[in-house]
Amino acid sequence: MSSASASSIQIQLPDGTLAEHPPETTAMDVAKGISEGLARSVIAAEVSGAVVDADRPLGEFSEGLEPLSLTLLTGRDEAALGVLRHSAAHVMARAVMRLFDGVSLAFGPTTEGGFYYDFDLPEKISEDDFPKIEAEMKRIIKEREPFERFILDREEARKLCDDLDQDLKVEHIDTGLSDQPTVSFYRQGEFVDLCRGPHIPDAGKIKAIKLMTIAGSHWKGDTSGRQLQRLYGTAFFDKKQLKAYLEQIEEAKRRDHRVLGKQHGLFSINPDVGQGLCLWLPKGARVRVALEDFLRRELLSRGYDPVYSPHIGRVEMYETSGHFPYYRDSQFAPLFGSEVGGMLDAWSERLQEGTLDSDGEDKLMAAAEVFGVKLPDYRSSASADAKRKVLHDWQVNNERYLLKPMNCPHHCQIFKAQPRSYRQLPLRLFEFGTVYRHEQTGELNGMLRVRGLTQDDAHIFCTAQQVEDEFRATIELTKFVLESVGLDDYSVQLSLRDPDSDKYVGSEENWDHAEGALRGVLQGSGLTFNEEPGEAAFYGPKADFMVRDCIGRSWQLGTVQLDYNLPERFKLEYNGSDNAAHRPVMIHRAPFGSLERFTGMLIEHFAGAFPLWLAPEQVRVLPLSDKSLDYAVQVAKELEAAGLKVTVDNSGGKVQAKIRNAQLDLVNYMAVVGPKEAEAGHVALRDRIDGDLGSMPTAEAIARLKQEIVSRQVRQVVKSDFSAAAVDSDAVGNEY
RNA sequence: GCUGCUGUAGCUCAGUGGUAGAGCACUUCCUUGGUAAGGAAGAGGUCAUGGGUUCAAGUCCCAUCAGCAGCUCCA
C-alpha cells in the first residue's frame, strides 16, 4: 500500500507501452499526457486489476520493481459504470440529507441495475418525494463538485462520524471495520461519507439518473434489527442508456408470467385454494404435458426406471432422513391420525423450551385424558427428555404423517425394498414427484416460488467409481433438455466444500474423488463453469445450471447434487462383487428443477409465444363465414387425428377479426378455410410469424407442422435489444 | 415473517363524503366476409372482508385477508 521510496515508478498501458513517472503521478495525469479529450472522459482507473480513483497517486500501488499495469476507464468500460453509480448513490444521499432532517446513513452499494442507499430517518420517504429528490440531485450534479478522498485512523474516523451524528457509521467502524487501522472517507461539498470508494472525478460525469423505488430493509440484513428505508436509483453515462434500461424493465413487465398466465389462461392461483398453490388451467397443463412427455421418453431411453410414491409419509421416515424437525419452519404441520396429536406436539415443544410449569402440565394431562389418551409412563418427576420420549412414543404408535417436502426418502425406501447387487447399479429412479413446502408468504411469486411443486426428480444410486460417468450423463441430459427448449446461454456453478470447515458428512477421500470427478467432467464438457468453494451442501458437492433467458436475466434451473448423507441415514446397501455389503452413493438431479418454475420461466422467455412443440394451441381453424363452419370442423378433426392441438373459431364476424384474435392469442398456425378450400380439400395456412403461406392440401399442412414438432424447432424468440442483465430473478437455491 | 404500496364488472382501469362508470371480453340480433378490429342492443357489482367516524362512506379511520415491491429465507 505505502509508496516505495523509489524516485520513479514504471507504468505499463494496455497496448504494452512502458513509461517512467514520478510516484505522485495519477491516472488523470497519464490521461492528460495522452490527450485532453481522454482526460475529460476518464472516470476511474484499473491498476493491477483493482479499480481506483483517477486522482490517486499511482506510487501508492507500487510494490517492488514490477511495472504497474494501468487501464484508464471511460464511460465505455463496464467497471466505470459501477463507479459512476456508487458516486450517484452519494449524490442521492446528499440530496436526501439536504431535504430531510435526522438522516442516518447506512450502506449505499451498487446493484446489477443501479444502486441504493439505506437511510434511517424519522420521516417516511414516499414516491411522491422522488421528483424533489431527483431535482436536488440534478442541482448537485450541475455543480460538478469533485469527490475528494481522505484517510483517517480509526479514532479520528469514529469522532468524525460521531460529530456528523452518523451513529450507524460509528457502529460499523466499531464492528465491521474493527480490524482496519485506517479508513477512507469521501467528501463532496458539505457531504462527507465513510466509504471505500472509488469515485468518479466529479459529479458532472453523471449524465442520467432516475430514482426507481423505495423499500424497507434491515441494518446489516438482520430482520430483528433496525428497519431502514432503502431508496433505489439508477444512473448512466448518457440518457439513451437510461432509456434503454427503462425499456428493458418494461419488457420484463410485459413478459411477467403472472400477467401472461392470466391473459392466456395458463395457470391460476387464488386465495380460496390457498397461497402458493398453483392451478394448472387446460392451456398451461398442455404445456406441462408436452414437457413431461418429452422428458419421460428421454429418461426411459437413458436407462431410468419410473417409480411412483405417495404425497405423504410417516414422520418417522423424515426423522430418519433428518428433514424433520430441523426444517420444520418450511414444512406444513404434520397430519395426525388423532385429533390430539397436535396438542402433544405443542406439549413436547414446550418441554423442550422449558416453558411448561407443573400447573400447565396438569392441564395438558387432563386435556389428554378427555381425548382418551393414556400416558401411564409419563412421570412428572422425570426429565424433560424422558417425558418427550413418552409423548413421542405415543405419537409413533398413533401415526403422524408429513406432506412430503422432498422425494428422496421415498426413493431411498424403494432402493431398500429389494436386496441390491452391484450388478444392478447404477439404479436410476425417476418420478414427477409433487412436494409441499411452507414457504414464507413474502417469498411466494407466481409459479416461480410456490408451496406445492412437482419436481422432475430422480435419484441415481451408484458406486463411487460410477459417479463420474453418471454425472457426465446427467450434465449431457440437462444440456439436451435446455437446448430443446431453445435455452442455449447457460453456465454451471460448481459448489464445493469449504476446506476449513468440518460440517461435511462422508469421508474426505470420497469428497476428493467426487469433486475431482465433477470438475473433470465439466472441463471435458466444454461448458463454462465457475467453482464456488464453501457453497456445497453438507451432504455433498453440487452443480447448478445458471440459464440466461432472451432478455438477459439469469435463472437457476437444473441441479445435480451428490449425497453421502441419505444412504448413510437409511443404511442403504448393495452386495458387491466381494460378497460384502457396500454403501451406494446417491445423486439427486432435476433438469427442469420443478415444472412450475420451469414453465414460469419459459412463459417469460418466450413472452407467452411457445414454440410449436410446446404450444397449448397449435392450430386454430378459421372459417371464412358460417357457411364454411362444417368444413372447418372437418379439417379440425383431421388435424386432431394427426395429434395436433387444434381449435375452431366459431365466433361470428369477419376473418380479419378472427386472424387478429388468433395472433393476439399467440396461436402458432391459423388455417383459413372458405368455399375454395372446401372444394379442393385444402387449407390456407397462416403462420403466426411469417404470415400467409398460401393454400395447400390439408395433408401437406399436417406434414409440415408435424415436421416442425418432431424437430422441436424454436423459430422465434423475441429478443430484447438490451443485452445487459438488468433484472435479476430471485435465484432460488437447490430444491432438495 | 418484516416494511411500504395496492385491492371497484371476467380483464385493464376511471371515480372530488351525496343515485356505481369506461374500454375490451361475454350474450342476443343484424351482417356472411379472403389474411391484424363490421354494426346495434343487452346482461354483468355486497366497491376484498369485518368494525368504526358521519345525516350520508367505494371515498376518511382501525383490524383482518389477499396481491405487488423490497428485505429476510430457501434442506
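We use all heavy atoms of the structure for the numbers below, so side chains are in, but hydrogens, waters and symmetry mates are not.
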- Would you please name every residue forming a side chain to side chain donor-acceptor pair (under 3.5 Å) with A/Gln663, sequence neighbours left out? A/Arg686
- Query: How would you list, by chain and number, every residue that makes a side chain to side chain donor-acceptor pair (under 3.5 Å) with A/Glu439, sequence neighbours excluded?
  - Reply: A/Arg449
Let me know the distance between [atom1] of [X] and [atom2] of [N], rounded to the nearest Å.
X: A/Asn661; N: B/rC26; atom1: CG; atom2: C1'; answer: 13 Å
X: A/Tyr117; N: B/rG70; atom1: OH; atom2: C1'; answer: 19 Å
X: A/Met670; N: B/rG33; atom1: CE; atom2: P; answer: 21 Å
X: A/Gln455; N: B/rA75; atom1: CD; atom2: P; answer: 12 Å
X: A/Arg254; N: B/rU12; atom1: CZ; atom2: C1'; answer: 16 Å
X: A/Arg620; N: B/rA36; atom1: CZ; atom2: C1'; answer: 13 Å

Students often get this wrong, so: under 4.0 angstrom with heavy atoms, is [X] touching a base, only sugar-phosphate, or nothing?
X: A/Ala684; answer: base
X: A/Gln275; answer: sugar-phosphate
X: A/Pro675; answer: base
X: A/Tyr232; answer: sugar-phosphate
X: A/Leu664; answer: base
X: A/Arg686; answer: base
X: A/Val672; answer: base
X: A/Lys658; answer: nothing

Is there a donor and acceptor pair closer than 3.5 Å between the side chain of [X] and the base of [N]?
X: A/Gln229; N: B/rU3; result: no
X: A/Arg449; N: B/rC74; result: yes
X: A/Glu677; N: B/rG34; result: yes

- Task: Please tell me if the side chains of A/Leu228 and A/Leu168 come closer than 4.5 Å, counting only heavy atoms from C-beta onward.
- Result: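 A side-chain contact exists here, since the closest heavy-atom pair is under 4.5 Å.
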- Item | Heavy-atom side-chain proximity of A/Thr234 to A/Arg85 below 4.5 angstrom | yes
With sequence neighbours excluded, what pairs up with [X] under the salt bridge (charged side-chain N to carboxylate O under 4.0 Å, His left out) test?
X: A/Lys132; result: A/Asp129
X: A/Arg704; result: none
X: A/Arg620; result: A/Glu617, A/Asp665
X: A/Lys169; result: A/Asp193

Which listed nucleotide ([options]) is nearest to the side chain of [X]?
X: A/Glu443; options: B/rU32, B/rG1, B/rA75; result: B/rG1
X: A/Met406; options: B/rC11, B/rA75, B/rG33; result: B/rA75
X: A/Asp626; options: B/rA75, B/rG34, B/rU32; result: B/rU32
X: A/Asp692; options: B/rC11, B/rU35, B/rG1; result: B/rU35

- Task: Using heavy atoms to find the nearest nucleotide of RNA chain B for A/Leu444 and A/Ile659 separately, return the residue whose nucleotide is more 5′.
- Result: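 It is A/Ile659 whose nearest nucleotide is closer to the 5' end.
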- Select from A/Ile269 and A/Gly442 the residue whose nearest nucleotide in RNA chain B is closer to the 5' end of that strand.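 Nearer the 5' end of the strand: A/Gly442.
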- Pair A/Glu568-A/Tyr539, side-chain donor/acceptor within less than 3.5 Å: no
Span that lies between the [atom1] atom of [M] and that of [N], in whole angstrom:
N: B/rU6; M: B/rU16; atom1: P; answer: 14 Å
N: B/rA41; M: B/rA37; atom1: P; answer: 22 Å
N: B/rC65; M: B/rU49; atom1: P; answer: 15 Å

- Message: I need the full list of salt bridge (charged side-chain N to carboxylate O under 4.0 Å, His left out) pairs touching residues 309-323 of chain A, with sequence neighbours left out, sorted by first then second residue.
- Response: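 Sorted result for residues 309-323 of chain A: A/Arg314-A/Glu316, A/Arg314-A/Glu399, A/Glu316-A/Arg400, A/Glu319-A/Arg400.
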- A/Val505 backbone acceptor or donor facing A/Trp511 side chain under 3.5 Å: yes
Show the distances under 3.5 angstrom between N or O atoms of the protein and N or O atoms of nucleotides 46-50 of chain B.
none

- Task: Could you tell me which residues satisfy side-chain contact (heavy atoms from CB on, under 4.5 Å) with A/Ile269, sequence neighbours excluded, listed by chain and number?
- Result: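 By the side-chain contact (heavy atoms from CB on, under 4.5 Å) rule, A/Ile269 matches A/Phe267, A/Cys278.
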Any N/O pairs under 3.5 Å between the protein and nucleotides 6-8 of chain B? List them or say none.
none

- Do the rings of A/Tyr490 and A/Phe545 sit parallel, tilted or perpendicular, given the 30° and 60° boundaries?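 It falls in the tilted class, 30° to 60°.
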- Item | Parallel, tilted or perpendicular, as decided by the 30° and 60° cut-offs, for the rings of A/Tyr117 and A/Phe119 | parallel
- Task: Flag the pair A/Phe107 / A/His172 as yes when their ring centroid distance falls below 6.0 Å, and as no otherwise.
- Result: yes
- Query: Is A/Glu431 paired with A/Lys404 through a side-chain N to carboxylate O contact shorter than 4.0 Å?
  - Reply: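 Counted as a salt bridge, because a side-chain N and a carboxylate O are separated by less than 4.0 Å.
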- For each nucleotide in nucleotides 37-42 of chain B, reading 5' to 3', give B when a protein heavy atom comes within less than 4.0 Å of its base, S when such contact involves only the sugar-phosphate, and - otherwise. BS----
- Reading RNA chain B 5' to 3', how would its secondary structure be written in dot-bracket notation, given Watson-Crick and G-U pairs with both distances under 3.5 Å, brackets [ ] for crossing pairs and | for partners on other strands? (((((((..((((....[..)))).(((((.......))))).....(((((..]....))))))))))))....
